[in-house]
Amino acid sequence: MRQQFKQKVRCFLCIGGLAMATTPAAAQDLIEDLGTLEAGQTLYLPLDISSLTGEVAIEVDGIDMTDVAAVENGQLVLNIVTPLAGEFHDVTVYLLEGDGFVPIASYSFLTTARSRLTVSVDASHEASIQSLNSDEAANASSSGSFGVENEEGSFRGQVSYLGSTRPVERVTENPVDIAEYLFEFNRTLGATNLTGRLGHQMLDYDRALVGDVSRRGLSVDMGLLDQRVELGAFASQSADALGAANFTGLADEDSRMQGARFAFQPFATQDFRVSVQTYTGDGDPYGGSATGSGQGSSLSLDGTLLGGRLYYGSVWSQTDWDEDDGGPLPETSANAVLSHLSYDVLNTDAGDRALTVGLGYEKVDQDYFSLANPGVAVGAETWRLTMDYSANRFALNIFADTQKTNVGGPSGWPEDRISQVLTDLRYDLQGEGFWQGTALRFGGGYIEQDRLTTPNAAPPPEDYTSTTLYVGFDKLGDVGNWSLDYVRIREDDQGVLDIDTDSHSLNAAFDYGVNDRANVNGTAGYTRVDGDFDTWERYEATLGLSYALRPDDLIFRLDTGITRTDEPFALDGEYYATELAWRFHPTAELVLSASRADGPYASESGGDEDTLVGLTLRATTNFFR
Amino acid sequence: MRFLPTLILSFFLSLVCGLAHAAGPVSVNPPTARVNGSGESAITLNWRVGVISRAARAVTVTSPGAQLSTGGTIGGPLRRTVRHPGGGLIFVTLPERLVVDRTTAARIAQAGNAVLTRSFTDFNGTSAPATLRLQATSGGPLAVRFADLAFDDDSLFRVVPSGSQLAARLEWTTNGRGILDGAWEVAGPSDVAGDFRVVGRVRQVLAGARRATFESPPLPVDRPGIYRVRFVPSPGQRGSFTLSVPDLRYTVTAVPIEPQTPDPASKPMLNLSAPQPGAGLSAATVFSWQPVPNASLYRLEFLDSGAGGLAPKQIAALDTSERSTRLKDFTLDRLRQVRVLRWRVAAFDSAGNLLAVSSVRGLNTTPSQQPVLQLRQ
């Protein structure tokens with residue numbers, strides 16, 4: 001007899017009165033080896049569940065598998081069908097005590113033989129002859145990635161590369177070059193976790209000063225005392241980079257920044273955290289006409305209250321920035337405050353329903369700028385209200401904010417108030433027959449701009465309103481999918497220019513598996529824009545067909561598309577492309593292709609029309625050991 | 001005086017041959033343009049140049065560049081050749097999309113305003129300079145302060161096996177207001193389809209100081225080879241913005257010719273319902289998604305950033321047969337150690353075969369992204 005584990009344990013709870021056979025602390029010290037699990041085998045956990053009272057959870061390699069566990073003949077069983085990474089696996093059994101789960105048993109098992117070092121190569125190589133508008137050329141390319149990871153997971157690395165005889169494909173000016181890379185080291189020394197990274201990595205210390213950018217460089221993060229104390233430092237290039245030049249990202253002093261972070265949780269029983277960040281650097285992440293120089297510091301507070309249902313966070317940041325580093329522009333100093341609260345209105349016993357409301361306040365001066373977070377929106381004071389509700393078949397998101405412009409900016413600039421409300425609604429119909437797998441999407445937005453103050457010689461008011469409405473269907477099926485979307489955007493300009501526009505867009509897409517050999521897909525779109533100065537329409541359609549002339553190794557593809565428009569500066573055009581791919585070896589194929597394109601689709605030659613005939617030999621290298 | 005006979009002779013010769021023409025009056029529309037002081041912006045201008053010719057002939061009007069009163073040259077050379085019908089004055093219109101970068105905008109903002117001057121020549125004469133007043137403001141047309149194009153794991157180059165889910169993200173920080181109108185375009189695999197083709201469009205109103213993220217449709221990964229992906233503004237849009245982000249490249253490996261399975265590029269993509277990008281994470285957070293036909297199990301997976309081309313590391317996961325779930329405290333504890341967190345859902349059949357995968361969605365413990373309506377065009 002097999003039944004869902006959760007139900008069984010709740011049954012035990014109903015009976016009650018049974019004591020646990022082992023204490024959690026004693027149990028988790030013993031890690032029992034369950035041997036090797038072959039593919040398709042069921043994993044039996046030798047735990048005496050008859051002695052347990054309460055809800056139990058099971059985790060395999062950090063994956064919560066409670067929902068797929070079962071009880072067979074009084075024994076916990078796991079029929080693992082989803083993939084597990086690596087060969088060595090941990091199982092932890094938890095028991096709910098009070099508000100939290102505590103581990104009561106630990107196991108390990110193997111799926112296959114272990115290796116000390118995992119090396120992987122994933123690459124594609126091509127050689128082709130091509131005739132583009134009767135100009136013949138021979139090309140070759142190779143691109144891929146190399147990965148390495150050791151047995152303990154304390155070291156892993158990845159390097160990707162691209163080499164091509166075609167300049168437009170290259171990642172740098174060099175015919176062959178590396179693209180991105182990252183090497184990561186993890187060490188645990190007593191109670192200290194140490195992580196070092198070299199290469200392209202995310203910098204994300206806080207929301208205001210160092211955050212949300214990927215840069216090439218070096219970083220170290222250290223966590224002490226069960227992560228209550230965190231230390232971090234980085235040095236990196238100031239802008240995105242690819243290629244082997246400036247390999248570490250630290251060689252160019254005109255494009256280099258460095259920073260550090262210290263975070264501390266003063267209370268062992270609460271997650272209240274204080275962190276301090278700082279940075280200094282030179283460079284220009286925008287590709288502007290001058291190299292700047294700047295520094296900054298920030299203070300962040302965050303944590304939860306009310307059993308984790310109230311989340312709060314606030315960051316204050318100050319930056320100094322010289323846009324042209326010694327040039328005629330003066331150095332500026334500016335502040336930013338970003339704060340938010342969010343509260344889960346419905347508790348965890350609300351089942352599938354969740355309602356979260358949020359309140360945010362942001363004030364960022366016009367001159368605020370951090371090289372390590374150049375994407376911060378500036379020059380506004382914003383109040384924001386959000387509401388996210390989801391239930392079994394329904395999701396609703398509401399976002400509203402109002403902001404005053406030119407905060408911390410020149411006194412001669414005007415001030416406006418911009419308010420907007422956005423809503424998104426999704427409803428899964430979950431019906432039978434035609435309605436199975438169908439979802440409805442609906443939403444809209446309203447934006448209004450009003451002038452607050454107009455100094456002398458400042459531009460006149462630019463008041464306007466904008467309304468957006470959309471509705472769409474998605475349908476996923478066994479052999480086909482389709483979607484339909486309609487969007488309307490209306491802008492009412494109430495300023496001096498009074499340029500109003502009204503646009504409608506209707507789009508459809510489908511994908512259908514005709515049979516085992518044939519698949520057809522397509523899209524169609526129509527856009528109409530009515531403006532006071534110009535009115536235009538655009539029709540677009542694509543159609544794709546694939547057919548297996550011989551199953552598994554010979555496939556024919558046809559793709560075509562057309563655009564017709566009277567949009568200013570836009571071109572009409574169409575394309576037809578066919579290819580015949582013959583896989584003559586499990587890792588190699590020969591592709592004969594022919595295509596014709598004109599108008600906007602003729603981008604290969606940059607002319608009015610492209611006619612291309614090609615023969616490509618392609619091979620793939622996949623190596624994992 | 002010794003050159004006078006030569007000049008007179010030249011004048012009469014040109015009259016006889018009907019070739020005399022000289023640059024006439026010049027104007028620009030609009031005469032005043034607003035430049036947002038916070039970022040890069042583009043202004044659409046129409047220069048109107050008068051050309052005088054007595055005889056019908058081809059006339060080429062050129063301008064080398066524009067001078068800015070705050071210093072420096074902006075705008076590239078302009079050139080247009082028209083057929084003059086002869087008989088006097090005609091006007092030639094030269095459209096220009098003038099890009100004002102952020103540093104130049106800051107200089108104009110410091111001065112309050114600036115004057116842009118451009119002169120034109122038709123080889124026989126140079127026009128009087130035409131001027132355009134650039135006025136710094138906090139509003140005006142849409143100005144891009146920051147634009148960043150990357151794949152959904154923040155990398156700039158990806159190597160993915162055929163059949164994977166792959167998407168690109170465009171992150172914009174803007175001031176001013178206008179309509180972002182553009183297209184996601186993909187070229188590849190290069191040796192069989194080098195031309196760019198539209199795979200999705202964006203038409204969206206943006207206003208005020210915003211940081212918005214736009215995600216591309218699923219990128220094609222059905223055929224091996226090298227692809228390029230880019231986001232290009234619509235050629236006719238009057239939203240007056242520019243975008244200077246490089247193309248991304250990605251490589252699809254493996255040679256799967258398995259026509260019995262649907263085209264992987266258009267394979268059902270698992271749609272996520274909640275939470276929204278940027279939502280907070282707590283024990284009450286419900287993760288939900290749209291059901292996939294024939295799926296018996298879903299894996300809710302949490303990943304770190306995986307930048308640098310390194311595969312995102314799975315921090316924690318949850319297997320469930322339902323289409324929505326909450327997290328237990330031991331999973332939440334794992335996730336709270338990570339600052340940059342993403343999640344996705346994969347659907348499996350009863351034999352463990354992968355049926356569909358969602359896109360990767362950001363999950364911030366500190367909400368930093370302002371949501372923008374993701375309209376499908």
Engineer: With a 4.5 Å cut-off on heavy-atom pairs, point out which of A:Ile418, A:Asn397, A:Asp416 contacts chain B the most.
Structural biologist: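 Highest number of heavy-atom pairs under 4.5 Å: A:Asn397.
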
Engineer: Identify the two heavy atoms, one from B:Ala207 and one from A:Tyr464, that lie closest to each other, and give their separation to 0.1 Å.
Structural biologist: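 Result for this residue pair: CB-OH, 2.9 Å.
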
Engineer: Is there a donor in the side chain of A:Thr382 and an acceptor in the side chain of A:Asp401, or the other way round, less than 3.5 Å apart?
Structural biologist: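 No, A:Asp401 and A:Thr382 have no side-chain donor paired with an acceptor closer than 3.5 Å.
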
Engineer: Give the member of B:Glu322, B:Glu185, B:Glu301, B:Gln135 that has the highest number of heavy-atom pairs under 4.5 Å with chain A.
Structural biologist: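 Of the candidates given, the most pairs with chain A belong to B:Gln135.
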
Engineer: What part of B:Ser350 lies closer than 4.5 angstrom to a heavy atom of chain A: side chain, backbone, both or neither?
Structural biologist: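 For B:Ser350, the backbone is the part near chain A, not the side chain.
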
Engineer: Indicate the atoms forming the closest heavy-atom contact of B:Ala346 with B:Leu270, along with that distance.
Structural biologist: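 Distance-wise, the nearest heavy atoms are C-CD1, 4.2 Å.
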
Engineer: Can you say whether A:Asn406 sits under 4.5 Å from chain B via the side chain, the backbone, both, or neither, judging by heavy atoms?
Structural biologist: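 Its backbone and side chain both get close to chain B.
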
Engineer: Is the Lys NZ or Arg CZ of B:Arg334 less than 6.0 Å from the centre of B:Phe302's six-membered ring, within 45° of the axis?
Structural biologist: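 Negative - B:Arg334 is either too far from the ring of B:Phe302 or too far off its axis.
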
Engineer: Please state whether the side chain, the backbone, both or neither of A:Ala602 comes within less than 4.5 Å of a heavy atom of chain B.
Structural biologist: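 Interface part for A:Ala602: backbone (N, CA, C, O).
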
Engineer: What part of B:Leu156 gets within 4.5 angstrom of chain A, counting heavy atoms only: side chain, backbone, both, or neither?
Structural biologist: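 Both backbone and side chain.
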
Engineer: Which label fits A:Tyr575 and A:Tyr601: parallel for a plane angle under 30°, tilted from 30 to 60°, or perpendicular past 60°?
Structural biologist: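 A:Tyr575 and A:Tyr601: perpendicular rings.
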
Engineer: Given a strict heavy-atom distance threshold of 4.5 Å, which part of B:Asp247 is in contact with chain A: side chain, backbone, both, or neither?
Structural biologist: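 For B:Asp247, neither part sits under 4.5 Å from chain A.
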
Engineer: How are the rings of A:His200 and A:Tyr181 set to each other: parallel, tilted or perpendicular (split at 30° and 60°)?
Structural biologist: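 If you compare the ring of A:His200 with that of A:Tyr181, the planes turn out perpendicular.
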
Engineer: Select, from B:Pro161, B:Ser288, B:Pro291, B:Pro293, the one with the greatest count of heavy-atom pairs under 4.5 Å involving chain A.
Structural biologist: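 The answer is B:Pro293.
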
Engineer: Of the backbone (N, CA, C, O) and the side chain (C-beta and beyond), which part of A:Glu462 lies under 4.5 Å from a heavy atom of chain B, both, or neither?
Structural biologist: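 Both the backbone and the side chain of A:Glu462 come within 4.5 Å of chain B.
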
Engineer: Is it the side chain or the backbone of A:Val364 that comes within 4.5 Å of chain B heavy atoms, both, or neither?
Structural biologist: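 Looking at A:Val364, nothing touches chain B.
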
Engineer: Quick one: which of A:Ser503, A:Ala380, A:Gly525 has the most heavy-atom pairs under 4.5 Å with chain B, could you say?
Structural biologist: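 If we count pairs closer than 4.5 Å to chain B, A:Ser503 comes out on top.
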
Engineer: What pairs with A:Asp344 under salt bridge (charged side-chain N to carboxylate O under 4.0 Å, His left out), at least two apart in sequence or on another chain?
Structural biologist: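 Partners of A:Asp344 under the salt bridge (charged side-chain N to carboxylate O under 4.0 Å, His left out) test: none.
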
Engineer: What residue, out of A:Met65, A:Glu540, A:Glu415, has the most heavy-atom pairs lying under 4.5 Å from chain B?
Structural biologist: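 Of A:Met65, A:Glu540, A:Glu415, A:Glu540 has the most heavy-atom pairs under 4.5 Å with chain B.
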
Engineer: Check whether A:Ser466 gets within reach of chain B through its side chain, its backbone, both or neither, counting any heavy atom under 4.5 Å.
Structural biologist: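 For A:Ser466, side-chain heavy atoms alone lie under 4.5 Å from chain B.
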
Engineer: Is A:Ile447 close to chain B through its backbone or its side chain, or both, or neither, when contacts mean heavy atoms under 4.5 Å?
Structural biologist: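 Side chain of A:Ile447 only, per the 4.5 Å heavy-atom cut-off to chain B.
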
Engineer: Could you tell me which of A:Arg309, A:Glu59, A:Gln366, A:Gln449 has the largest number of non-hydrogen atom pairs under 4.5 Å with chain B?
Structural biologist: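 Ranked by contacts with chain B, first place is A:Glu59.
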
Engineer: Please classify the contact of A:Asp122 with chain B as side chain, backbone, both or neither, using a heavy-atom distance under 4.5 Å.
Structural biologist: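 Both parts, backbone and side chain.
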
Engineer: Within this structure, what is the CD-CG distance for the pair A:Gln201 and B:Asp154, rounded to the nearest 0.5 Å?
Structural biologist: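 It is 12.0 Å, given to the nearest 0.5 Å.
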
Engineer: Nearest 0.5 Å please: distance from the CG atom of A:Asp424 over to the OH atom of A:Tyr470.
Structural biologist: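 OH of A:Tyr470 is found 3.5 Å from CG of A:Asp424.
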
Engineer: Any side-chain donor paired with an acceptor under 3.5 Å for A:Gln158 and A:Ser145?
Structural biologist: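 A donor-acceptor contact under 3.5 Å links the two side chains.
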
